[in-house]
Amino acid sequence: MSAIEASAQSRVEHRAAAAVHPPIFRLAGVTKRFGGVTAVEAVDFDLRRGEVHAQVGENGAGKSTLVKLVGGLYVPDEGRVEVGGEVVQFSSPRDSEAAGIAMIPQELDLFLELSAAENLFVGRRRPRRPWGALDWRQMEARAREQLGALGVEFDVEAPVERLSMANRQIMLIAKALMGDAAAVVMDEPTSSLTEREAARLFRIIDELTARGVGVVYISHRLGEVFMVADRITVLRDGQHVRTAPASELDSEEVVRLMVGRSLDELFSRGGHEAGDVALEVRGLTRTGEFEDIDLTVRHGEVVGIAGLIGAGRTELAQTIFGVRAAERGEVLVDGEPVELDSPAAAMEAGIGYVPEERQSQGLVLPFTIAANISLSILGRLSRLGFVASQRERETADGFAEQLAIRGARVSEPVSRLSGGNQQKVVLAKSLAGGPQVLLLDEPTRGVDVGAKSEIYRLIDRLASEGRAIVLISSELEEVLSMADRVLVMREGRVSAELSREEATQERVIAAATGVAVGEDEGAEGAAPAASVDTER
Amino acid sequence: MSANQLRPLDVLKGVRFTRELVLLCLLIVLVVVLGQMSPVFFTVGNLLNTSRFFVEVGLIALGMTLIIITGGIDLSVGAAMALVAVTVGLAHQSGVPMALALVLGLAVGLAAGLFNGLMITRLDLHPLVVTLGTFALFRGIALGVSGGGAVSSFPQWFEYFGQFYLGPVPGQLFVFIAAVTAVWLLLSRTPFGRYVYAIGNNEEAARFSGVPVRRVKVVLYTGIGVLVSMAAVIYTSRVSTSRADFGAGLELDVISAVVLGGASIYGGSGTIAGTVLGVVIIATLRNGLSLAGVETTWQVFLLGVLLIAAVFVNEFFRRREE
C-alpha cells in the first residue's frame, strides 16, 4: 500500500469516526468541458452514509462524466470534489479508491483467468506463510468470509471467467468492502443480470447501507431506481435538474424532468380496427435458428414479438426479408407468395425491414442523409438511367420533415446525426419503398427518450394508415404498450400468442423463459421487470 | 447552397476536390520541370504522343477504379491482356477473318472477367486470392497455346486501332476519352455507381438496402475484362505483334495510377477524374524522364517514390477528414 493510499485511508477512517453528518463525498458546482463541449456544468451531487443516491438522465446527460470525476479519471475544470468535508484532488483512480470510493463499472474490470480469491487480493497484501510462500488456504478462507458477509457463496477457487456476470459483480463489491470502501458507485449494475440475480443484488445493497456504506446507483431502469433509491438526482444536458427524496417523486415526474415531457406522451397508442391479412408466414424454418413459424399480421395491426436474445426473432425477420435463405415455408403478402431470395424481392413485394444493427446494417455512414434514404429506391428516382438529383433531394426532404430528422441538412453525411436521428433515417429508408408490411427490429435501441417517443408515434401513425407492423423488441414495456397482439418466441419456436388484454409482463416472461404460464413467476422474484426502460 | 447540392459526386463528404487539385498541381509542376530538362518535351506533338502510351493502362485503370472502390482488386488484368492478344493472333494465323478474330478476343476477355466475378461472388472468395490465381492461370494458358511464339503480319486496316492519327491526335485518344466519359457517367450519375460506393463503404448495409451486391460485382469484373480486351487490341495493333508476354507487370501500373488518383485501397472512395490524372501523371513522368535521358531503372525508382508519396498524401487527407 502506498503512502498516499495509507494516509488517505486513515484520513477517511478518522473522518468517519469523528463526524456522522458530513457526506461521504460531495461534488460542489463541478464543471467539465471537452474542447468546446460542456459535458457537465455547475453540478452539485453528494452521497451520505448509508443511503442509496440514484442518478438518472438520458444518454449524454452527463452521468458518466460525473462518475469519472468522482472516480479520479477526470479532473473538474471548475468546482470542488470533497471527501469527508475536505477538498481533494484526485489525479488517478487509485487516489479515489484510497479515499474509500469504489467503482463497479458496467464493463467489469477483472482478471478472468485468475480465481475469485486471487482477484480479491490483486493490489492488496496477500497472506503468506512464515517461509514466504503465498498462503492460499487463508486467501480462500478470507474470500469466502467476505462473500459470506454479503450472504453469497460460490467457488472462489475457479477462474473468474467461469462465474456468472452477477457473481463477478458481487466479487467486485466484496473487494470494495475489503478495502473498507465508504462509497460504492454502481453504473448500470443490472444491465446483464437476470431478475433473480438483480433481486439478490438489491439485498446486497440493503446489506451495504445497513453497514453505513453509501451507494451511487446509476440506471436507466426507473422501476429499479424507485425500488432501491433513497434520493434521486435528475440530470439533463449536463445540468443538474433536481435532487429529491425518492418518496417525493414518481416515475412519470422523473421522465418529465429528464426530457421535459410526460410519460403518457411516450407510450401512446390508440385502438385501431385491423383490416385484411397483410403478411402471412407459413411453416418458415431455418434449422437451428427457428422452426415452423406461423404468423399473420393484418393491415393496421401491430404484432409484437417478444423473447430472449437468441430466441430466433431477428433471424426470422431477416428470413422474411430475404437476407437469409429459408429452408422451408412460405411468406405471402396480401395473398401473393413472396420470393424469399433477396431483399430486393421482398421490397418489391411490399416488405420493409429496419435492422437491429443501425450502423453496420442500416446505414452507409459516409453517405449523405439523402443518399441513405434513396439507396433502396434509386431505380424509381432515375430518369433515362441517371439518378434525378432533384427528385432525390425532394424525397429526402419530405422524409426529413415527416419524421422530424434534426441536426443536419439532407445533403450532409448521416454520420453527423445523433443516434435517434440516424434511426429515423433508417426508418425513412425502409419507408421509402412504400411497404405495406414493416418489420421493425429493436427500433428504439440506443435512442434517447425524446426520439423514442417520436418513433412510437410514428409506429402508431403507420399502423393507423393501414400498414402491418411487426415489432421485435427486448423491451417488454415497449411491446406491451405498442402491440395489439404479442407473440413470444423461445428457442426458435412460438411459445405463446397473447392478445393485448392477455399480455402481461408475467405471462410474457413465463413464455419467454419456459416457465409454465399460470405459475406466476414474476410475483415470486422480488424484482418486477423494469417498468420504464428509458434507454438502452 | 445551390439546387445542385445533391449531385451524386457529393454523395461522399470530403475533400476529394482538394485531392484532385493537388494532383493537378503536381502534373503542372512535372510538365514545367520536365520541359526544362528536355526541349522536345514541351512540343504539342510530344505531349499528344504521350497519350499513345497511356491509353492501354488508362482503359484498364477505369475499370480498376470501380473495383477498388468496392474494396476489391484485380491482379489478373495483365495476364488477361496477353490471353486476349494471343487469341486474336492465333485466330488470325489460323485463317479466321480478322474481324471475327477481334470478336473472339473480346469474348475471351469477357469470359476471363466473368470467371473472376463468378469465383469471387459464388464461392465467396477474396478477390486478391482469386485474381492471383487467374493471374497465373491466364498467363499459363496464353503461353501454352501460343507456344511462346509471336504473331505479326496483321492486315493493314487493323493497324489503325493503334497507329491512326487524326491530325496530330492519336486515334486511341478518342477511344479513351469516350471510355472516360462513359465510366465517369456510370460511376457518378447512375444507380449502379451509387451501388459501387455503397458496397465499398458498407457492404452489409448495401445488401440490407436491396442493392444487388453480387450482380454489381460480377458486372464489374466482367466489365474490366471487356476493357482489357480493348486495351489488348489497341496494344497489339500499336506494336503490330501479339505475344504471350504482353502486359507483364501491367497490373502494377494500373493499380499505381488508381491509388495515385486518390482511390482508397480499403474501398469506399475514389473518382474517375483522380484516376485519369494518375494515369496522365505517370505517363508524363515516364515520357519526360526518357526524353531527359534518365535511365529506365531510375524511372522505376522515381515512380516508386511518387507512389509512396501519393499514398501518404491520401492518408493525410483521409485522417484530416476523420
Side-chain angles (χ1 to χ4, degrees), chain A residues 318 321-323 342-348 351-382 384-397 409-416 426 429-430 432-433, chain B residues 1-16 69-71 121-122 124 181-216 219 264 266-271 317-318 321-322:
Chain A
Q318 292 186 352
F321 190 60
V323 178
S342 70
M347 284 191 269
E348 185 64 30
I351 302 175
Y353 175 57
V354 171
E356 180 182 24
E357 303 290 336
R358 175 168 63 237
Q359 303 222 331
S360 67
Q361 300 173 338
L363 296 171
V364 181
L365 283 177
F367 272 24
T368 62
I369 296 167
N372 270 286
I373 294 176
S374 67
L375 190 55
S376 302
I377 53 161
L378 284 174
R380 204 180 311 165
L381 291 176
S382 297
L384 303 171
F386 295 110
V387 178
S389 42
Q390 183 78 21
R391 268 200 233 174
E392 182 182 28
R393 202 189 65 246
E394 283 168 9
T395 306
D397 276 336
R409 280 186 300 265
V410 296
S411 56
E412 289 181 90
V414 74
S415 53
R416 297 222 182 123
V426 180
K429 185 175 74 172
S430 66
Chain B
M1 275 224 175
S2 76
N4 260 345
Q5 56 183 286
L6 256 179
R7 283 205 321 267
L9 265 179
D10 303 332
V11 162
L12 291 156
K13 71 167 175 180
V15 289
R16 219 176 309 112
I69 292 172
T70 63
T121 55
R122 296 293 142 183
D124 210 12
T181 311
V183 178
W184 173 72
L185 281 173
L186 181 73
L187 182 61
S188 63
R189 293 278 185 272
T190 67
F192 185 86
R194 196 71 70 80
Y195 295 160
V196 167
Y197 282 116
I199 291 170
N201 280 293
N202 188 344
E203 184 165 332
E204 197 179 12
R207 201 159 54 93
F208 276 77
S209 304
V211 172
V213 175
R214 283 181 172 184
R215 206 183 315 151
V216 169
V219 168
S264 166
Y266 306 110
S269 67
T271 60
F317 277 118
R318 218 181 304 288
E321 273 175 50
E322 280 158 16

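Convention: sequence-line order gives letters A, B, ...; per-chain numbering from 1. For the numbers below, each heavy atom of this structure counts, side chains included, while hydrogens, waters and symmetry mates do not.
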- [ ] Evaluate the criterion side-chain contact (heavy atoms from CB on, under 4.5 Å) for residue pair B/Arg207 and B/Glu203; output intermediate values, then yes/no.
- [x] CA-CA 6 Å; B/Arg207 201 159 54 93; B/Glu203 184 165 332; 5.8 Å; no
Open item on the list: Report which part of A/Leu363 has an atom under 4.5 Å of a heavy atom belonging to chain B: side chain, backbone, both, or neither.
Closed with: backbone
Task: Partner chain B: residue of A/Ser382, A/Gly379, A/Ser360 with the largest heavy-atom pair count (under 4.5 Å) - done: A/Ser360
Task: Which residues share a ring pair (Phe, Tyr, Trp, His ring centres under 6.0 Å) with A/Phe321, sequence neighbours left out - done: A/Tyr353
Task: side chain to side chain donor-acceptor pair (under 3.5 Å) partners of A/Glu348, counting only residues at least two apart - done: none
- [ ] Below 4.5 Å from any heavy atom of chain A, which atoms of B/Phe192 appear? Answer side chain, backbone, both or neither.
- [x] neither
Task: Residue that, paired with B/Ser209, satisfies side chain to side chain contact (heavy atoms under 4.5 Å, CB included) out of A/Pro355, A/Ser374, A/Pro343, A/Ser376 - done: A/Ser376
